[in-house]
There are 2 protein chains.
Amino acid sequence: MTTQVEPRWLSAEQQRIWRSFLNGVARINDRLDAELRPFGLDLGEYEILVHLSECERHMLRMSDLAERVRQSRSRLTHTISRMESKGLVQRVACPSDRRGVNAIMTPAGYRLLVDAAPSHVESVRRALVDRVDPDDFEALGRAMEAVSRVTD
Amino acid sequence: MTTQVEPRWLSAEQQRIWRSFLNGVARINDRLDAELRPFGLDLGEYEILVHLSECERHMLRMSDLAERVRQSRSRLTHTISRMESKGLVQRVACPSDRRGVNAIMTPAGYRLLVDAAPSHVESVRRALVDRVDPDDFEALGRAMEAVSRVTD
DNA sequence: GTCCAGTTGTTGAAATGTGAACTGAATTGA
DNA sequence: TCAATTCAGTTCACATTTCAACAACTGGAC
C-alpha cells in the first residue's frame with residue numbers, strides 16, 4: 001500500500017508562471033528553429049557546431065560532445081551521421097583510446113557556423129534577450145542555474 | 001546583395017544566462033517526462049488531459065486544443081489517435097461545423113489525470129518551483145510572459 | 001444560386017528520436 | 001594473467017514528429 005500524502009498543489013500564481021514558462025519555451029524554440037532553417041540547421045546541430053568551434057582543433061569526443069549538447073549518445077550518433085553526410089563534420093578514430101571517436105568540424109562546417117551565427121544571435125535577442133527587462137533576465141539566469149545545479 | 005550589419009553579439013554574461021536557460025529547460029523537460037513515464041504519459045499527452053479537464057464537458061475542438069497545447073494540427077491528430085487507442089479520449093463529430101472534430105476525455109482519461117497529477121505537480125516543484133528563489137521565480141514569470149506576448 | 005479563397009482535420013511517407021541490445025576495447029582486481 | 005566489469009559508440013526496432021498533399025466543408029463576394 002502506498003502512503004497517500006496530500007499533494008502540495010501549485011498556487012494560482014505559481015501555476016500561471018509555470019504555464020507561461022511552458023509557452024515561452026515553446027515560443028523561443030519555434031523561433032530559433034525557424035530562423036536557423038534557411039541555413040539548413042536546427043538548434044541541435046547549431047549547438048554541436050558551437051561546441052566544436054570552442055575546442056582545440058575543433059574536435060571533441062563523441063561522449064563529451066553528447067553531454068555538452070544534452071543529446072543521448074544514440075541521438076548524437078544519428079545527428080553526427082547526418083551532419084557528416086552534409087559535410088559539416090567528420091569522424092576520426094581517437095588515437096589514445098581505440099573505443100573512442102572524435103567528431104571534428106570541417107572548414108565547411110565552420111564557415112556555415114560563421115554564416116549562421118549573426119542571424120542566430122539576432123534570433124536569441126528578438127525572442128528573449130531584448131524582450132525581457134534586464135533585471136528579470138538576470139533573475140532568469142539565477143533561476144536556470146539553480147535548476148541545472150546538480151544536487152541529487 | 002545583402003546588407004551586412006555588424007551583429008550585436010551577446011555579452012559574456014548574456015551568453016552565460018542563455019546557456020543556463022538551454023540547460024535548465026532541457027533538465028526540466030527530462031525530469032517531467034521521466035516522472036510521467038510510470039503513468040504511460042509524456043508531457044504532451046498530460047497537457048492535453050489538463051486542457052480537456054478544464055473545459056465544459058471535457059471537450060474541445062481539435063484546432064482549439066492544438067493551439068492550447070502548442071502542437072501542430074498534424075501532430076495533434078496523431079497524438080489523439082494514440083490516446084484514443086489507449087482509451088483516454090474519444091473523437092466525436094462537431095455538430096455545428098461538419099469539418100470539425102471534438103476531442104472528449106473519457107472517464108478513464110480523467111482518472112489517469114487525477115492519478116498522475118500529484119506526482120506531476122511534485123515534479124514541477126522539485127524540478128523548478130522549489131529550487132528557485134521566489135523573487136526570481138516571479139521574475140521568470142514576467143520574462144516568459146514578455147516572451148509569449150504577441151507583438152508582431 | 002455559384003464561385004472560390006480559406007479553414008479543418010487527416011493521411012502517408014520521410015525524417016528524426018528513443019531505449020535496449022550489442023561489439024569491441026579498456027580497466028579492475030584476484 | 002585473465003575473467004569480470006565497465007565504458008564508448010553504434011545498431012536495431014520501433015515510436016514519434018514533420019511536411020506536403022489532400023478531401024470535406026464554410027463563409028462570404030458576386
Side-chain angles (χ1 to χ4, degrees), chain A residues 25-26 29-48 51-52 59-86 88-104, chain B residues 25-27 29-49 51-52 59-86 88-104:
Chain A
V25 167
N29 278 329
D30 286 353
R31 283 163 157 277
L32 296 192
D33 267 340
E35 297 179 21
L36 279 171
R37 180 153 325 141
F39 298 95
L41 293 171
D42 63 21
L43 189 52
E45 295 169 326
Y46 182 85
E47 282 196 84
I48 288 173
H51 282 275
L52 288 176
M59 183 162 102
L60 221 41
R61 280 289 286 273
M62 289 292 280
S63 52
D64 197 348
L65 181 54
E67 195 168 337
R68 297 195 199 198
V69 301
R70 306 170 308 279
Q71 294 194 11
S72 68
R73 289 173 183 203
S74 172
R75 181 176 170 187
L76 185 67
T77 292
H78 293 306
T79 311
I80 289 291
S81 297
R82 264 180 273 133
M83 295 176 75
E84 205 172 9
S85 72
K86 291 197 249 176
L88 305 177
V89 298
Q90 260 185 299
R91 270 184 248 244
V92 301
C94 176
S96 60
D97 182 341
R98 283 199 292 166
R99 294 169 304 183
V101 172
N102 284 308
I104 180 165
Chain B
V25 167
R27 175 73 83 98
N29 278 328
D30 286 353
R31 283 165 157 274
L32 296 192
D33 267 339
E35 297 180 21
L36 278 171
R37 179 152 329 141
F39 298 95
L41 293 171
D42 62 21
L43 188 51
E45 294 168 326
Y46 182 86
E47 281 195 83
I48 287 173
L49 293 180
H51 282 275
L52 288 176
M59 179 162 106
L60 221 41
R61 276 290 286 273
M62 290 292 281
S63 53
D64 196 348
L65 182 54
E67 195 168 336
R68 298 194 197 197
V69 300
R70 306 170 308 278
Q71 295 194 11
S72 69
R73 288 168 186 215
S74 174
R75 180 176 170 187
L76 185 66
T77 292
H78 292 302
T79 310
I80 289 291
S81 297
R82 267 179 270 130
M83 295 177 74
E84 204 172 9
S85 72
K86 290 197 250 176
L88 305 177
V89 298
Q90 259 185 301
R91 272 185 247 245
V92 301
C94 176
S96 59
D97 180 343
R98 284 198 292 167
R99 295 168 303 185
V101 172
N102 284 309
I104 301 196

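So that the names make sense, note that chain A is the first sequence line, chain B the second, and so on, each numbered from 1.
- Heavy-atom contacts of chain A under 4.0 Å fall on DNA chain C between two terminal nucleotides, which in 5' to 3' order are C/dT16 to C/dA26.
- Following rounding to the nearest Å, A/E67 (CD) and D/dC7 (P) show an atom-to-atom distance of 13 Å.
- Taking the charged nitrogens against the carboxylate oxygens, B/D30 and A/R70 have no contact shorter than 4.0 Å, which rules out a salt bridge.
- To the nearest 0.5 angstrom, A/M62 atom CE is 9.5 Å from A/Q71 atom CD.
- Atom CD1 of B/I80 is separated from atom C1' of D/dT17 by 15 Å (rounded to the nearest Å).
- Taking the side-chain hydrogen bond (donor to acceptor under 3.5 Å, both in side chains) definition, one finds that B/E84 meets it with B/R91, sequence neighbours left out.
- Just one of B/N102, B/L52, B/I104, B/I48 meets the side-chain contact (heavy atoms from CB on, under 4.5 Å) condition when paired with B/L60; it is B/L52.
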Walk me through whether A/L36 and A/E45 qualify under side chain to side chain contact (heavy atoms under 4.5 Å, CB included). CA-CA 10 Å; A/L36 279 171; A/E45 295 169 326; over 6 Å; no
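- In this structure, A/R37 does not pair ionically with A/D33, as no charged nitrogen and carboxylate oxygen lie closer than 4.0 Å.
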What string of B, S and - do you get for nucleotides 9-16 of chain D, 5' to 3', if B is base contact, S is sugar-phosphate-only contact and - is no contact with any protein heavy atom under 4.0 Å? SBBB---S
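- In this structure, CD of B/Q71 is placed 16 Å from C1' of D/dC19, rounded to the nearest angstrom.
- At least one donor-acceptor pair closer than 3.5 Å links the side chain of A/D42 to the backbone N or O of A/G44.
- Looking only at side-chain heavy atoms (C-beta outward), A/L88 and A/L41 come within less than 4.5 Å of each other.
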